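Beneath this line is the structure, given in structure tokens, with notes to follow.
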Amino acid sequence: MARHLITSAIPYINGIKHLGNLVGSQLPADLFARYMRARGNEVLFLCATDEHGTPAELAAAKAGKPVADYCAEMHHVQAEIAKGFNLSFDHFGRSSSPQNHALTQAFAGRLADMGLIREVVEEQVYSNADGRFLPDRYIEGTCPNCGFDSARGDQCDNCTKQLDPTDLIDARSTISGSTDLEVRETKHLYLRQSELKDDIATWIGSKHDWPLLTTSIAKKWLTDGDGLQDRGITRDLDWGIPVKKGADDWPGMEGKVFYVWFDAPIEYIASAQEWVDAGKGTDWERWWRTDKGADDVTYTQFMGKDNVPFHTLSFPATILGSQEPWKLVDYIKSFNYLNYDGGQFSTSRGRGVFMDQALDILPSDYWRWWLLSHAPESSDAEFTWENFQTDVNKDLADVLGNFVSRITKFCRSKFSEAVPEGPDYGPAEDALIADLTTKLAEYETHMAAMEVRKSAADLRAIWVLGNEYLQSVAPWTTFKTDPDQAAMQVRMGLNLCRLYGVLSSPFIPDASAEILAAMGASDATWPDDIASAVTVLQAGHAFTVPEITFRKITDDERTQWAEKFAGTRD
RNA sequence: GGCGCGGUAGCUCAGUUGGUUAGAGCGAUCGACUCAUAAUCGAUAGGUCGGGAGUUCAAGUCUCCCCCACGCCA
């Protein structure tokens with residue numbers, strides 16, 4: 001039994017995430033966590049909401065609520081939706097937690113002690129009307145280069161020229177529209193990532209088995225231009241973790257907070273502390289401190305490609321720079337983007353399906369299956385309603401659902417709602433067992449390697465073997481001449497249902513539970529060998545014919561949904 | 001503009017260190033079966049592997065150039 005620490009990239013607090021976000025981190029992380037638990041490993045699966053920063057403040061203001069209240073509400077909303085998708089977090093924390101405050105301040109203090117923090121006085125734009133410093137992207141004005149009137153403070157979207165906010169003509173705040181802006185000097189702390197460049201490069205260079213997507217992004221940042229740059233870790237904001245050096249005040253940094261990119265990944269650790277403080281665990285250090293039992297932990301992170309730099313460079317810089325025995329990530333599984341019907345999902349334009357909407361129209365297993373079996377592993381992937389409909393109907397309703405339906409109903413009509421007797425398994429059954437054994441081994445190999453799409457294809461192939469078997473032995477024909485033989489064939493079919501309930505649970509936990517319940521199966525442990533796994537349900541064991549496990553998506557629904565989610569959500 | 005990931009059957013995608021007739025699922029066509037959610041099973045058709053040049057006995061797989069899509073950065 002091994003120990004696996006698993007984290008999913010933490011979703012930002014301001015709103016409900018879309019299916020592309022879901023399949024990029026939380027869902028595959030859940031698949032892996034469920035599989036590892038099923039195989040008897042000890043698993044700690046953590047996630048959280050990322051709550052600090054300007055977007056959260058603005059979203060709260062728009063909602064007319066104090067930012068702390070807004071975040072608390074949105075955290076609750078996201079937690080409930082996560083439950084709706086059966087995301088099996090051991091804890092779903094908050095980056096605004098007291099634990100993360102203390103831990104982030106402790107890391108900053110430690111990094112300062114190690115000489116890895118430097119103070120920088122820089123000029124930033126202050127908006128008198130808004131009463132705040134404005135991040136570059138919240139400043140707009142006329143481009144001095146091309147005259148475009150909506151150039152942003154960091155770049156002109158029209159001519160792509162890189163800009164400084166002070167370059168803009170008639171600069172204004174995009175928050176209030178005010179032009180009453182001024183440049184003020186402000187002091188910030190920078191993490192000297194450049195000092196850690198070689199350490200990080202060596203570490204990344206040792207990871208030969210990581211996805212190409214992960215290492216190529218990391219190496220690009222390490223080698224591009226002058227290499228890894230120092231990065232500001234503080235901001236002039238109200239909402240965030242106050243800048244402190246451990247428990248002590250940080251002279252000259254009063255009223256400032258840590259920059260969200262610095263405190264967010266530290267929440268991975270803090271979430272484990274929250275897990276303990278919530279009474280759900282007893283010892284977080286044996287997961288995170290290599291000097292306190294975490295040296296045998298395998299740590300795997302899941303994330304979309306946009307998050308790779310933070311996990312391959314920034315967070316490791318924090319960990320390595322501390323020179324404290326924190327657990328470093330062992331494997332980073334990164335994903336490309338899921339596109340929606342020929343374009344991008346768009347949060348601002350409401351284009352595509354968002355997590356709450358998805359659950360409103362179909363049970364989570366439909367989404368889990370489709371998204372995981374089309375996970376954007378090697379390149380960007382494409383969601384279309386046509387594909388979703390045909391794939392879900394074929395895989396879930398026809399191949400799996402109908403298998404359970406046909407065998408249970410046949411048994412009920414020819415025998416009873418109990419496993420029939422019959423002779424021992426014969427050559428056809430031995431052949432089936434051999435095929436299942438081969439396929440299961442492939443499934444397990446791909447699951448352990450986090451090859452999500454291939455795992456889904458393997459699982460589907462295992463379902464198909466059941467239909468092939470029934471088709472070839474044809475118990476409905478056998479029954480006419482040799483009811484006893486038919487009974488044995490049905491017994492095998494019913495045992496396959498139970499087996500499928502067990503093997504499918506990482507992908508489709510609800511349907512798996514329904515199947516297992518219908519089969520009256522108390523044993524849901526992962527099979528050591530197929531031969532014994534298909535004898536678990538013995539003659540006389542009662543079962544019930546389940547309701548339709550997966551209904552089909554109709555053409556009407558498909559066209560209706562395609563229209564509904566085409567854009568502009570209110 | 002620089003860089004990155006891609007461009008393989010109608011669709012969604014696999015193709016290990018270059019090596020016999022390029023694979024899967026869906027869709028299509030034909031057939032079998034009738035227990036089942038008009039489900040299932042089998043068979044067949046369908047690709048000059050984005051374009052061009054090169055290296056090699058041999059290239060989807062390596063090198064160079066170009067085109068297209070997407071993304072990141074400046």
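Order of the sequence lines sets the chain letters (A, B, ...), proteins ahead of strands, with each chain counted from 1. Atom set for the values below is all heavy atoms of this structure, side chains included, hydrogens, waters and symmetry mates excluded. None of these values were measured; they are calculated from a predicted model.
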Practice item. Write down the distance separating the C1' atoms in B/G25 and B/C72, rounded off to the nearest Å. Key: 33 Å

**Study point:** Sidechain-backbone polar pair: A/His541 side chain, A/Leu537 backbone, donor-acceptor under 3.5 Å
**Key:** no

Practice item. Using the P atom as the reference point in each nucleotide, state the distance between B/U44 and B/A24 in Å, no decimals. Key: 10 Å

**Study point:** Residue closer to the 5' end of RNA chain B, A/Asp380 versus A/Thr390 (nearest nucleotide)
**Key:** A/Thr390

Practice item. Assign A/Val464 to base, sugar-phosphate, or nothing according to its heavy-atom contacts below 4.0 angstrom with the strands shown. Key: sugar-phosphate

Study note, to complete from the structure: To the nearest angstrom, the CZ-C1' distance between A/Phe403 and B/U40 comes to 11 Å

**Study point:** Between P of B/G27 and CG of A/Asp398, the distance in whole Å
**Key:** 8 Å

Revision key, fill the gap. note: A/Tyr443, atom OH; B/A24, atom C1'; distance rounded to Å ~ 18 Å

Practice item. Could you work out the separation of B/A9 and B/G51 based on their P atoms and round it to a whole Å? Key: 10 Å

Review point. When all nucleic acid strands are considered with a 4.0 Å heavy-atom cut-off, which category describes A/Phe550: base, sugar-phosphate, or nothing?
Key: base

Practice item. Please give the nucleotide sitting opposite B/A39 as a Watson-Crick or G-U wobble pair, both distances under 3.5 Å, or none. Key: none

**Study point:** Backbone N/O of A/Lys333 and side chain of A/Trp210: donor-acceptor pair under 3.5 Å
**Key:** no

Exercise for review: Could you work out which one of B/U37, B/G27, B/U34 sits closest to the side chain of A/Lys394?
Suggested key: B/G27

Point to revise | Nearest-angstrom distance, C1' atom, B/U61 to B/A22 | key: 11 Å

**Study point:** Spacing between A/Met303 atom CE and B/C72 atom P, to the nearest angstrom
**Key:** 17 Å

Review point. B/G47 and B/C13: how far apart are their C1' atoms, nearest whole angstrom?
Key: 14 Å

Exercise for review: Could you let me know what B/G2 is paired to, Watson-Crick or G-U wobble, both distances under 3.5 Å, or none if it's on its own?
Suggested key: B/C72

Check your understanding: Sub-3.5 Å donor-acceptor pair from the side chain of A/Asn402 to the main-chain atoms of A/Ala397, do we have one?
Key -> no

Review point. For A/Ser413, which contact category applies under a 4.0 Å heavy-atom criterion: base, sugar-phosphate, or nothing?
Key: nothing

Check your understanding: What interatomic distance, in whole Å, is found between P of B/C64 and the corresponding atom of B/U12?
Key -> 29 Å

Study note, to complete from the structure: When rounded to whole Å, the CG to P distance for the pair A/Leu432 and B/C41 reads 13 Å

**Study point:** Minimum-distance nucleotide to A/Arg460 side chain [options: B/G25, B/C41, B/C35]
**Key:** B/G25

Review point. Can you tell me if A/Gln301 uses its side chain to pair, donor with acceptor, with the backbone of A/Ile332 under 3.5 Å?
Key: no

Practice item. Under 4.0 Å between any heavy atoms, over every strand shown, what does A/Ala381 touch: base, sugar-phosphate, or nothing? Just pick one. Key: sugar-phosphate

Check your understanding: Ignoring hydrogens and angles, are the base of B/A36 and the side chain of A/Asn402 linked by a donor-acceptor pair under 3.5 Å?
Key -> yes

Exercise for review: Examine A/His188 together with A/Phe258 and report whether their ring centres are nearer than 6.0 Å.
Suggested key: no

Practice item. Could you give the distance separating B/U55 and B/U48 at their P atoms, to the nearest angstrom? Key: 25 Å

Point to revise | Donor/acceptor link under 3.5 angstrom from A/Gln471 side chain onto base of B/U40 | key: yes

Check your understanding: B/G10 P sits how many Å from A/Asn387 CG, rounded?
Key -> 15 Å

Point to revise | Charged N-O contact under 4.0 Å between A/Arg34 and A/Asp30 | key: yes

**Study point:** Partner of A/Val392 under side chain to side chain contact (heavy atoms under 4.5 Å, CB included), chosen from A/Leu396, A/Thr390, A/Asp395
**Key:** A/Leu396

Review point. Can A/Phe410 be classed as stacking with the base of B/C35, given a centroid separation cut-off of 5.5 Å and a plane angle cut-off of 30°?
Key: no

Review point. Between A/Tyr337 and A/Val399, which has a closest nucleotide on RNA chain B that is more 5'?
Key: A/Val399

**Study point:** Residue A/Lys409, side-chain atoms from C-beta onward, closest of B/U34, B/C11, B/A36
**Key:** B/A36

Study note, to complete from the structure: Among the nucleotides B/C13, B/U37, B/U40, whichever has the atom closest to the side chain of A/Glu382 is B/C13

Practice item. Send over the distance from A/Asn336 CG to B/C72 P, rounded to a whole Å. Key: 12 Å

Practice item. Report the base-pairing partner of B/A22 (Watson-Crick or G-U wobble, both distances below 3.5 angstrom), or none. Key: none

Point to revise | Any side-chain donor near an acceptor of the partner, A/Asp510 and A/Asn86, under 3.5 Å | key: yes

Review point. Counting side-chain heavy atoms from CB outward, which of B/U12, B/U37, B/G42 is closest to A/His374?
Key: B/U12

Point to revise | Rounded distance (Å) that lies between atom P of B/A39 and atom CG of A/Asn393 | key: 9 Å

Exercise for review: Have a look at A/Lys454 and say if it touches a base, only the backbone sugar-phosphate, or nothing, with a 4.0 Å heavy-atom cut-off.
Suggested key: sugar-phosphate

Review point. Given that both distances must come in under 3.5 Å, which nucleotide forms a Watson-Crick or G-U wobble pair with B/U63?
Key: B/A53

Exercise for review: Please determine, for the side chain of A/Arg453, which listed nucleotide (B/G25, B/U12, B/U37) has the closest atom?
Suggested key: B/U12

